[in-house]
Trainee: 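Below you will find the structure I want to go over with you.
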Amino acid sequence: MGRKFTFPSSLRLKSKKQIEALFTSNDASLSYPILIKYSEDITSSDSFIKVAFTVPKKNFPNATDRNRIKRLMKESYRLNWRQIFEEINHKKNLNLILIYLDKKELSYSVIEVALKKGLEKLKRSLT
């Protein structure tokens, strides 16, 4: 049997307080069209990297378009987060929010490349 690439609900950032703190944070990694804002979570005792995804309503007024882009970002993150964060995951508690910046919907391959670059930048800045 192959390796499971699931993305459990426990790794999704849901706390409104933590999400608001991320938006006010200055720590960020940009790989256009994705901006990754991050902060260390000192309140949690578990070593987890929790993530949330967002697409501005201003750029995509139609909810189906926003949801499709979020789905593409989630899928790309789900397939790539383990290989990038495997050594960081045991040392730090991180909260991430991935923000889609472009005004038009891009293909999955473009989003995946940008996400990988952004996560690599983030990894370098954390180590």
Side-chain angles (χ1 to χ4, degrees):
M1 219 182 321
R3 187 172 161 192
K4 286 193 173 187
F5 288 101
T6 60
F7 185 56
S9 175
S10 62
L11 298 181
R12 294 189 182 153
L13 184 60
K14 299 172 192 165
S15 166
K16 284 187 180 183
K17 281 185 181 179
Q18 291 175 338
I19 291 172
E20 286 174 6
L22 278 170
F23 276 107
T24 60
S25 170
N26 289 331
D27 297 327
S29 170
L30 176 65
S31 178
Y32 198 81
I34 296 175
L35 174 66
I36 302 172
K37 293 195 130 221
Y38 63 93
S39 67
E40 282 198 56
D41 184 9
I42 54 174
T43 60
S44 176
S45 61
D46 299 330
S47 290
F48 283 130
I49 297 172
K50 293 191 174 192
V51 64
F53 304 87
T54 186
V55 178
K57 191 183 236 184
K58 179 180 173 184
N59 296 345
F60 295 93
N62 194 347
T64 55
D65 295 335
R66 288 194 306 276
N67 291 339
R68 185 180 315 110
I69 293 169
K70 283 191 266 187
R71 248 190 337 270
L72 294 174
M73 290 193 316
K74 285 176 193 172
E75 182 66 7
S76 177
Y77 183 83
R78 181 186 72 84
L79 293 173
N80 296 298
W81 73 277
R82 280 184 176 83
Q83 62 196 21
I84 294 170
F85 288 127
E86 52 193 14
E87 68 265 7
I88 293 175
N89 194 27
H90 302 292
K91 299 174 191 165
K92 298 187 183 222
N93 298 329
L94 286 177
N95 291 331
L96 305 174
I97 191 157
L98 280 67
I99 305 167
Y100 188 83
L101 300 176
D102 209 319
K103 295 192 186 312
K104 63 184 184 330
E105 185 179 339
L106 299 174
S107 70
Y108 172 77
S109 58
V110 173
I111 291 172
E112 184 177 34
V113 168
L115 188 89
K116 281 182 179 179
K117 283 182 187 175
L119 292 175
E120 282 294 333
K121 279 184 188 178
L122 176 61
K123 180 180 163 185
R124 282 194 301 267
S125 68
L126 291 172
T127 53

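If you're wondering where the values come from, they're calculated on a predicted model, not measured in any experiment.
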Trainee: Quick one: pull up CD1 in Ile19 and OG in Ser39 and give me the separation to the nearest 0.5 Å.
Mentor: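 The CD1 atom of Ile19 sits 11.0 Å away from the OG atom of Ser39.
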Trainee: Among the clusters formed by ILVMFWY side chains lying less than 4.5 Å apart, do Ile34 and Val113 turn up in the same one?
Mentor: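 Ile34 does not cluster with Val113.
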Trainee: So with a 6.0 Å cut-off around NZ of Lys74, is the heavy-atom count from everything else above 12?
Mentor: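 More than 12 within 6.0 Å, yes.
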Trainee: Taking the basic N atoms (NZ, or NE/NH1/NH2) and the acidic carboxylate oxygens, is any pair closer than 4.0 Å for Glu20 and Lys17?
Mentor: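 The answer is no: the pair does not qualify as a salt bridge.
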Trainee: Which pair of heavy atoms, one from Ser76 and one from Ile111, lies closest together, and at what distance?
Mentor: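 Closest approach of Ser76 to Ile111, heavy atoms only: OG-O, 4.4 Å.
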Trainee: Could you give me the CA-CA distance, side-chain angles and deciding distance for Leu94 and Glu40, then say whether side chain to side chain contact (heavy atoms under 4.5 Å, CB included) is met?
Mentor: CA-CA 5 Å; Leu94 286 177; Glu40 282 198 56; 3.8 Å; yes
Trainee: Show the numbers, then the answer: is there a side chain to side chain contact (heavy atoms under 4.5 Å, CB included) between Phe7 and Arg12?
Mentor: CA-CA 8 Å; Phe7 185 56; Arg12 294 189 182 153; 3.4 Å; yes
Trainee: Test Tyr38 against Leu126 for side chain to side chain contact (heavy atoms under 4.5 Å, CB included), laying out the working first.
Mentor: CA-CA 10 Å; Tyr38 63 93; Leu126 291 172; 3.9 Å; yes
Trainee: Should Arg78 and Glu75 be marked as a salt bridge (charged side-chain N to carboxylate O under 4.0 Å, His left out) after you check the CA-CA gap, both sets of side-chain angles, and the distance that decides it?
Mentor: CA-CA 5 Å; Arg78 181 186 72 84; Glu75 182 66 7; 2.7 Å; yes
Trainee: Out of Leu13, Leu96, Ile36, which one pairs with Leu22 under the side chain to side chain contact (heavy atoms under 4.5 Å, CB included) rule?
Mentor: Leu13
Trainee: Taking Phe60's backbone N and O only, do any of them form a donor-acceptor pair with Arg66's side chain (distance below 3.5 Å, no angle check)?
Mentor: yes
Trainee: About how many Å separate CG of Asn59 and CD1 of Ile99, when rounded to the nearest 0.5 Å?
Mentor: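 With rounding to 0.5 Å, CD1 (Ile99) is 11.5 Å from CG (Asn59).
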